[in-house]
Amino acid sequence: VEIDLDLTTFGGSALTSGLEVPKDRDLASAAADALDIPITYVPARNTIFLSVALGWAEVVEAQEIVIGVNALDYSGYPDCRPEFIAAFERLASLATRAGVKGRPFRVHAPLIHLTKAEIISLGASLGLDYALTHSCYDPLPDGRPCERCDSCGLRAKGFADAGIADPLLQQDDAARR
Ligand SMILES: [Zn+2]
């Protein structure tokens, strides 16, 4: 299923409203800001995503739910932490007919303890074409990454640490030539 879930209806974040996405920060100041949850935090986003997944899982009688949150190189978002995943897993089994009828749900977050570099290496080893992905909080009008937001910065550092060139940026360089 594909669900159109437009969080700009709520707003409340630089990613879902007209608020300015911070640009050109060094990653150390971004990390310091993370102590004080940044403006790019989207209210209850992963709770909303997991709730939608849970509804679908119960309908198709699935018990395993997978989400790609990351607790290491994240930006201080409370809903990327292992304790959030564990709490949602408890909620999923309490809140559903399947759960109370003895079919509990498991929530898997296989990337949660990996660094960005480890995630990039893992994807590359599985043959993932990163040219089809981007990480940008505020893409340019043509869809290319801004290369100036915290998320672009973390992606660039992850590729650098993994010793892999980001094929998305190489593609852009080639297109500009
Ligand atoms: Zn960006």
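Order of appearance sets the numbers: ligands from 1, and atoms from 1 within every ligand. The structure displayed is predicted, hence computed values, not measured ones.
For the pair D79 and V69, the minimum side-chain heavy-atom distance is 4.5 Å or more.
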**OP:** Evaluate salt bridge (Lys or Arg N to Asp or Glu O under 4.0 Å) for K23 paired with D138, printing each intermediate quantity in order.
**Re:** CA-CA 9 Å; K23 299 272 170 69; D138 192 18; 2.9 Å; yes
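For the Zn ion (ligand 1), the count of nearby protein N, O or S atoms, meaning those under 2.8 Å away, is 4.
Nearest heavy atom pair, residue T16 against residue G11, reads OG1-O, 3.2 Å.
Judged purely by distance below 3.5 Å, without hydrogens or angles, the side chains of S93 and R106 never pair a donor atom with an acceptor atom.
Residue E20 places its CD atom among 12 or fewer non-hydrogen atoms of other residues, nucleotides or ligands, all under 6.0 Å distant.
Between Y130 and F159, a ring centre-to-centre spacing shorter than 6.0 Å is recorded.
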